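In what follows, a structure is listed as structure tokens, so that the remarks can point back to it.
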Protein chains: 2
Amino acid sequence: MNIHSKQKPLSTQGGTGNKRGQIIHATIRLISEYGFHGTPISMIAQEAEVGAGTIYRYFKDKDALVLEIFEQVNKDFTTTMLHEYDADQPIQDRFIHLCWGIFRFGIQNPHEFKFMEQFYNSPYGTTLRREKLFCNCGDSSQELPLDKVFSTGQAQHLIKDLPLNALIAHSIGPIVFLVKDSIAGLIQLDNSTIDSSLKACWDAISVKRQESDIQ
Amino acid sequence: MNIHSKQKPLSTQGGTGNKRGQIIHATIRLISEYGFHGTPISMIAQEAEVGAGTIYRYFKDKDALVLEIFEQVNKDFTTTMLHEYDADQPIQDRFIHLCWGIFRFGIQNPHEFKFMEQFYNSPYGTTLRREKLFCNCGDSSQELPLDKVFSTGQAQHLIKDLPLNALIAHSIGPIVFLVKDSIAGLIQLDNSTIDSSLKACWDAISVKRQESDIQ
DNA sequence: AAACCTGGAATGAATATTCATTCCAAACAA
DNA sequence: TTGTTTGGAATGAATATTCATTCCAGGTTT
């Protein structure tokens with residue numbers, strides 16, 4: 001048992017006297033902007049206002065630091081998505097709820113959002129994704145909530161019969177683009193813009209009523 | 001005038017006796033996988049089967065190498081999109097044509113596609129995007145073909161009145177996700193899958209007929 | 001031969017990691 | 001209370017490694 005395996009909530013961070021949190025936050029900020037290889041330990045130490053050696057008191061090495069952050073951020077992300085989620089609602093409502101969660105997380109945690117993006121775009125992240133850990137870090141036995149919405153929706157003929165990957169692409173793809181644009185200051189994501197975007201996502205994946213269906 | 005500014009088509013590459021092309025291709029392959037900071041010159045030299053010093057005979061430094069590659073790849077990308085493009089066709093056809101081009105480019109040039117992705121995700125790429133050079137490298141006076149489709153489509157009330165960024169997100173976002181999944185071997189992008197995905201993109205951005213409009 | 005190329009060793013700067021030392025707050029002793 | 005001890009936390013200089021770039025001895029082309 002050593003100090004490295006201690007787990008603290010990410011929210012307990014930023015104040016002085018909380019070196020660990022300062023290091024984590026500095027790492028997220030810098031890697032979200034410059035990427036893993038683009039942010040030296042020295043830079044992290046400086047941003048965290050901490051000696052370089054101190055970082056190694058809390059984390060085995062740079063890899064362990066980043067990996068631990070990713071796991072925590074990914075957990076927080078899932079929590080945000082599932083906040084007040086009700087699996088008994090209609091499919092469309094559940095879909096919109098989960099997607100709103102992604103927007104919320106991205107807008108409220110821009111650095112964490114870009115950190116995850118960087119992670120998934122790295123070779124390490126690609127491996128993870130291939131292992132189906134996407135959004136499901138640590139518990140691969142349980143079906144992801146969004147996957148569940150898709151399969152249920154398909155069974156009810158409400159959602160198009162596209163491959164699961166494609167449904168995810170049409171839901172999350174646009175959101176990721178929009179959140180990134182929002183973070184970059186290229187677009188203002190107010191509630192009405194988000195609403196209409198989510199409507200567009202739903203239009204993309206949902207089965208359109210046939211004209212003959214209209215009563 | 002020096003050797004560095006010479007411009008050769010990327011297609012003239014890979015054979016022995018073509019160091020320059022070997023270097024470019026190795027760089028694309030490696031950076032597409034490991035990113036800019038993750039691929040040292042030594043690795044490029046090894047992959048290109050070339051001495052490290054040789055690289056500096058053809059390119060001023062690492063930055064110049066990568067920038068030149070980006071500009072060429074971006075040009076090829078635009079060319080692929082516009083291949084056999086007819087601006088007199090109906091909006092939906094033009095939209096589908098351009099998006100097909102993105103798929104084609106990504107599937108036929110997976111490394112180049114991921115290279116561009118890496119570039120746009122780097123601080124340098126973000127700057128570029130903010131300068132509105134996206135898809136339009138070198139000639140910012142002319143409106144992008146996809147932008148033109150959107151503005152024309154909106155004027156004809158065929159395309160939803162979403163911000164331009166959102167329309168792009170709903171068009172390109174899903175495609176980028178799908179092509180990346182395809183490159184990672186997570187999905188098989190046959191023509192019918194692409195067709196239905198593009199249909200989904202169109203459904204996302206197009207104005208749906210009101211029930212009362214149906215004759 | 002003269003001009004040019006090439007590979008890879010050499011160089012110095014940047015980076016990750018280690019470690020001897022300092023610092024400090026709490027426990028204890030007076 | 002006041003001074004002393006002590007153990008873990010913090011530090012940043014020192015070390016080991018990696019990197020971008022330069023250099024040059026030999027090879028190739030013309």
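Order of the sequence lines sets the chain letters (A, B, ...), proteins ahead of strands, with each chain counted from 1. Any value given below was found using the heavy atoms of this structure, including those in side chains, with hydrogens, waters and symmetry copies removed. Predicted model only: the values in this text are computed from it and were never measured.
- Annotation: salt bridge (Lys or Arg N to Asp or Glu O under 4.0 Å) contacts of B/Lys180 (sequence neighbours excluded): B/Glu117.
- Distance CZ (A/Arg57) to C1' (D/dG8): 7 Å, rounded to an integer number of Å.
- Under the side-chain contact (heavy atoms from CB on, under 4.5 Å) criterion, A/Asp181 pairs with A/Leu186, A/Ile187, B/Arg129, B/Asn165, not counting sequence neighbours.
- Judged as a ring-ring contact (aromatic ring centres under 6.0 Å, His included), and not counting sequence neighbours, the contacts of A/His97 are A/Tyr85.
- The interatomic distance linking A/Gln22 (CD) with D/dA9 (C1') rounds to 13 Å, in whole Å.
- Under the salt bridge (Lys or Arg N to Asp or Glu O under 4.0 Å) criterion, A/Arg94 pairs with no residue, sequence neighbours left out.
- When distances are taken from the side chain of A/Val50 to each of D/dT11, C/dT15, C/dT6, the shortest belongs to D/dT11.
- Residues passing the salt bridge (Lys or Arg N to Asp or Glu O under 4.0 Å) test with B/Lys199, sequence neighbours excluded: B/Asp203.
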Just distance, no hydrogens or angles: give the donor-acceptor pairs under 3.5 Å from side chains in residues 33-41 of chain A, sequence neighbours left out.
none

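- Across the protein-nucleic acid pair, A/Ile44 atom CD1 and C/dT15 atom P stand 12 Å apart, rounded to whole Å.
- A donor and an acceptor atom, one from each side chain of B/Thr193 and B/Asp190, are located under 3.5 Å apart.
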Atom pairs, N/O to N/O, protein against nucleotides 25-30 of chain D, distance under 3.5 Å?
none

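- Atom P of nucleotide C/dT15 and atom CE of A/Met43 are separated by 7 Å, given to the nearest angstrom.
- Every residue two or more places apart in sequence or in another chain was checked for a side chain to side chain donor-acceptor pair (under 3.5 Å) with A/Gln154, and none qualifies.
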Please tabulate, one pair per line, each protein N/O and nucleotide N/O from nucleotides 17-22 of chain C that are separated by under 3.5 Å, including the distance.
unit_1, atom_1, unit_2, atom_2, d
C/dT17, OP2, A/Tyr56, OH, 2.6
C/dT17, OP2, A/Lys62, N, 3.4
C/dT17, O5', A/Tyr56, OH, 3.3

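- The NZ-P distance, from A/Lys19 to C/dA25, rounds to 11 Å in whole Å.
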